[in-house]
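Everything below concerns the one structure shown next.
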Amino acid sequence: GIVTIDGQPASDGDIVAAFVEDECRAVNNVIINDGKTYVTLLIQGETKEDIRFKIGDVSECKVYDVCRMIQADPGNTIGTPPNYLPMEPCIDQTLNLNMGWNLISFYVNFDDMSPTSVFDPVKSDLLQVKSTTQSYDPNVPPFLNTLQNLQEGYGYWVKVNNPVQLTSTGLPLDSVSIQLNAGWNLVAYPHQQNQSVSSAVNSIASGLLQVKSTTQSYDPNVPAFLNTLQNFEPGKGYWVKVSDAVSLTYPEPVNLQSAMLQIGRAS
């Protein structure tokens with residue numbers, strides 16, 4: 001496997017362990033090579049069993065659960081170069097939903113992307129979920145729902161009948177490319193930190209016409225001080241209008257701690 005924590009390679013001394021239920025079947029230190037962190041585990045067992053993993057971060061004295069679970073395949077290898085098994089701790093995303101309609105997006109990836117699963121924690125207050133072309137209503141027969149699965153990189157309208165918190169657990173999204181059609185598109189912001197709109201949409205700058213949230217707007221052709229939408233925020237969805245079909249790829253937001261570390265090394 002290849003081991004990361006918060007998107008960064010694990011550190012020297014960190015460990016990874018494999019479990020079947022509460023029984024530890026394997027444990028080993030990570031191996032650092034060329035700036036990446038790997039682990040090799042020989043997992044004991046004779047039948048097909050569900051294997052889950054934990055990462056021990058020695059410097060922080062923390063233990064993280066890995067979201068990804070595999071089924072053991074006795075006598076065989078899972079995760080072989082260059083197709084390493086990704087091992088990344090689970091993260092939580094909490095969305096504060098107001099009564100009525102909310103324009104949201106996710107920065108976590110779910111094993112089950114169905115609206116039934118994703119919105120299960122708030123199902124008693126959920127009225128409807130909509131994309132630009134499909135809808136999901138928990139109160140109608142399932143075969144009438146056209147929205148069967150959420151897609152990475154896209155925004156959704158969610159209507160609830162009370163203010164509620166939706167907490168979702170999953171793997172952090174990798175960088176995603178979002179295919180945009182000419183005209184208006186409803187997109188996600190898949191990162192965990194704010195980012196200026198101008199930086200976020202730089203990959204489509206030549207064809208960008210306008211960006212809107214529910215209350216603010218950004219137009220690249222007007223003076224900057226007239227734009228009320230300055231930053232993309234985690235958990236929110238945005239309308240993006242482009243002149244032609246393009247692919248939107250967000251750059252990774254600058255992590256302040258990493259930036260300070262680089263400055264320190266340079267000095």
Side-chain heavy atoms under 4.5 angstrom apart, residues restricted to Ile, Leu, Val, Met, Phe, Trp, Tyr: same cluster for [X] and [Y]?
X: V66; Y: V30; result: yes
X: I178; Y: L209; result: no
X: V27; Y: I55; result: no

Next on the checklist: Salt bridge check, R52 against E21: does any charged N sit closer than 4.0 Å to a carboxylate O?
Outcome noted: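 Result for this pair is no, no salt bridge flagged.
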Item to check | K62/D57 salt bridge by N-O under 4.0 Å criterion | outcome: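 No, this pair does not count.
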Would you say the side-chain atoms of [X] pair up with the backbone N or O of [Y], donor to acceptor, closer than 3.5 Å?
X: E88; Y: D6; answer: yes
X: N145; Y: D137; answer: yes
X: T146; Y: S135; answer: yes

Beyond-backbone contact of [X] with [Y], side-chain heavy atoms, under 4.5 angstrom:
X: D14; Y: I5; answer: yes
X: F232; Y: Y250; answer: yes
X: V118; Y: L150; answer: yes
X: V108; Y: L171; answer: no
X: L97; Y: I104; answer: yes

Checklist entry - Does CG in D12 sit with more than 12 non-hydrogen atoms of other residues, nucleotides or ligands closer than 6.0 Å? => result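 12 or below, so no.
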Next on the checklist: Can you confirm whether more than 12 heavy atoms, excluding those of N28, are under 6.0 Å from its CG atom?
Outcome noted: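 Above 12, so yes.
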Next on the checklist: Considering only residues two or more places apart or on different chains, which pairs with a residue in residues 22-66 satisfy ring-ring contact (aromatic ring centres under 6.0 Å, His included)?
Outcome noted: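 ring-ring contact (aromatic ring centres under 6.0 Å, His included) check on residues 22-66 returns Y38-Y84.
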Next on the checklist: To check you understand the geometry: which heavy-atom pair defines the closest contact between E152 and L173, and what is its length?
Outcome noted: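 Shortest heavy-atom separation between E152 and L173 comes out as CD-CD2, 3.5 Å.
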Point-to-point distance, once rounded to the nearest 0.5 Å, from [atom1] of [X] to [atom2] of [Y]:
X: D125; Y: L127; atom1: CG; atom2: CG; value: 8.0 Å
X: L41; Y: I15; atom1: CG; atom2: CD1; value: 10.5 Å
X: I70; Y: I78; atom1: CD1; atom2: CD1; value: 4.0 Å
X: L186; Y: Y156; atom1: CG; atom2: OH; value: 8.5 Å

Checklist entry - Does a donor on one side chain and an acceptor on the other come within less than 3.5 Å for S59 and S11? => result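 Per modelled atom types, S59 and S11 side chains form no pair under 3.5 Å.
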Checklist entry - Are side-chain N/O atoms of Q93 and S168 paired as donor and acceptor at under 3.5 Å? => result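 Their side chains do not contain a donor-acceptor pair, so the 3.5 Å distance test is not met.
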Could you list the residues that satisfy side chain to side chain contact (heavy atoms under 4.5 Å, CB included) with [X], not counting sequence neighbours?
X: K48; result: Q71, D73, P74
X: D92; result: T167, T169
X: P220; result: L208, Y218

Item to check | Qualifying disulfide bond (SG atoms under 2.5 Å apart) pairs with a residue from residues 1-70, counting only residues at least two apart or across chains | outcome: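 Non-adjacent pairs meeting disulfide bond (SG atoms under 2.5 Å apart): C67-C90.
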Item to check | Where at least one partner belongs to residues 110-159, residue pairs that pass disulfide bond (SG atoms under 2.5 Å apart), sequence neighbours excluded | outcome: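 Passing the test, one end in residues 110-159: no pairs.
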Next on the checklist: Over 60° means perpendicular and under 30° means parallel, so tell me whether W239 and W157 are parallel, tilted or perpendicular.
Outcome noted: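 Because their plane-to-plane angle lies in the 30° to 60° range, the rings of W239 and W157 count as tilted.
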